[in-house]
Amino acid sequence: ESQFFTSLFHFTLMTAIFHVGTHKTATTSIQRYLSSHRLKLKDENICYPKYSDLIDTQVDHYAHLDLARSIDQRKSSKFSVSELESMFKAINNIQKHKCLIISAEPFWRIGFKKKEDDLFACKAQKLAQYFSVCPDTNIAITIRARSDFMLSEYSENILQTNNTHTFHEYISQNAHL
């Protein structure tokens with residue numbers, strides 16, 4: 001797996017910024033701002049690409065959610081491996097920009113599989129594995145206070161999975177978060 005992604009993430013001559021936000025840390029506001037100011041950013045040699053800038057698709061979004069989910073090869077992946085390869089080849093060809101920004105909350109979930117894993121160490125290690133091959137990579141993570149984060153994770157879990165556990169049950173099962 002890591003060799004496959006190492007071949008994808010080989011940027012040259014530009015800084016890559018991967019913005020990762022946990023729930024309720026203004027990530028969506030940042031993404032919408034970047035998306036609505038793409039032309040102004042481009043004038044400053046900053047690339048915040050749309051999917052249609054990278055591959056032949058009609059699917060665009062203000063954030064790179066589907067890209068992150070696809071990298072993690074989740075069941076909800078929107079892009080195939082060949083589409084991912086095409087996207088990163090296109091990114092590599094964006095040489096005229098001095099900076100690339102990719103932003104998605106699902107980067108936060110990459111590689112977190114075992115309950116025993118330490119959340120922050122696991123995230124940092126997995127993100128570094130995917131993105132360290134870029135010559136100048138910055139990973140910006142916005143994190144909330146742990147108590148707020150747990151409540152937000154619980155709410156998100158209820159919405160996404162129809163889970164019926166109480167908050168106390170959720171905490172006891174997910175203390176590693």
Side-chain angles (χ1 to χ4, degrees), residues 1-74 76-113 117-144:
E1 175 183 299
S2 64
Q3 286 180 335
F4 167 73
F5 288 110
T6 298
S7 67
L8 287 182
F9 294 105
H10 181 69
F11 304 122
T12 56
L13 303 177
M14 80 173 104
T15 298
I17 299 172
F18 292 90
H19 173 247
V20 183
T22 58
H23 305 297
K24 307 296 181 199
T25 57
T27 302
T28 301
S29 296
I30 292 167
Q31 293 161 340
R32 288 184 186 272
Y33 178 86
L34 292 167
S35 179
S36 66
H37 291 85
R38 277 191 172 100
L39 292 177
K40 188 163 182 77
L41 291 168
K42 186 177 180 179
D43 290 343
E44 298 295 323
N45 290 321
I46 299 169
C47 180
Y48 185 70
K50 298 184 290 187
Y51 296 135
S52 60
D53 294 337
L54 306 174
I55 61 171
D56 185 22
T57 183
Q58 299 299 316
V59 178
D60 272 320
H61 196 269
Y62 61 86
H64 302 104
L65 309 176
D66 295 328
L67 174 64
R69 289 180 186 122
S70 298
I71 289 169
D72 201 24
Q73 299 177 328
R74 294 176 171 265
S76 61
S77 295
K78 298 281 193 250
F79 299 115
S80 67
V81 170
S82 65
E83 286 173 314
L84 284 173
E85 288 174 339
S86 295
M87 287 176 133
F88 284 97
K89 283 179 186 172
I91 288 171
N92 280 326
N93 290 328
I94 303 174
Q95 298 289 325
K96 61 187 174 193
H97 293 91
K98 64 181 177 186
C99 182
L100 165 75
I101 301 173
I102 302 289
S103 179
E105 293 91 336
F107 282 130
W108 180 250
R109 292 182 175 88
I110 286 178
F112 190 56
K113 301 190 188 315
D117 288 338
D118 175 68
L119 180 69
F120 298 106
C122 182
K123 289 297 159 214
Q125 181 182 30
K126 201 62 162 176
L127 288 170
Q129 175 188 343
Y130 287 138
F131 305 128
S132 65
V133 295
C134 304
D136 186 11
T137 299
N138 297 283
I139 299 174
I141 301 176
T142 311
I143 301 173
R144 300 175 67 161

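Only this structure's heavy atoms are used, side chains among them; waters, hydrogens and symmetry mates stay out. This chain uses plain numbering: 1 for the first residue, then up along the sequence.
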Side chain to side chain contact (heavy atoms under 4.5 Å, CB included) assessment of Tyr62 paired with Leu34: CA-CA 8 Å; Tyr62 61 86; Leu34 292 167; over 6 Å; no

Leu65/Glu105 under side chain to side chain contact (heavy atoms under 4.5 Å, CB included): CA gap, chis, key distance, verdict: CA-CA 7 Å; Leu65 309 176; Glu105 293 91 336; 3.0 Å; yes

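- Contacts of Arg38 classified as side-chain hydrogen bond (donor to acceptor under 3.5 Å, both in side chains), with partners at least two apart in sequence or in another chain: Ser35.
- Residues satisfying the side-chain hydrogen bond (donor to acceptor under 3.5 Å, both in side chains) criterion with Ser29, sequence neighbours excluded, are absent altogether.
- When only modelled atom types and interatomic distance are considered, Ser103 and Gln31 share a side-chain donor-acceptor pair under 3.5 Å.
- The main-chain N or O of Tyr51 is found under 3.5 Å from a side-chain atom of Asp60 such that the two form a donor-acceptor pair.
- Taking Thr142 as the reference, His19, Thr25 meet the side-chain contact (heavy atoms from CB on, under 4.5 Å) condition, with sequence neighbours excluded.
- The NZ atom of Lys78 lies 11.0 Å from the OG1 atom of Thr57; values are rounded to the nearest 0.5 Å.
- Within the 4.5 Å cutoff, no side-chain heavy atoms of Leu54 are placed close to those of Leu67.
- Put simply, the side chain of Ile46 reaches to within 4.5 Å of the side chain of Ile101, judged on heavy atoms.
- At least one donor-acceptor pair under 3.5 Å links the side chain of Glu83 to the backbone N or O of Ser80.
- Using a 4.0 Å cut-off between charged side-chain N and carboxylate O, Asp43 and Lys40 make no salt bridge.
- Thr15 places no side-chain N or O within donor-acceptor distance of the main-chain N or O of Cys99, the cut-off being under 3.5 Å.
- Nearest approach of Ile102 to Pro49, heavy atoms of both residues: CD1-CG, 4.0 Å.
- Remark: Met87 CE to Leu84 CG distance equals 7.0 Å, nearest 0.5 Å.
- Side chain of His64 to backbone of Tyr48: no donor-acceptor contact under 3.5 angstrom is found.
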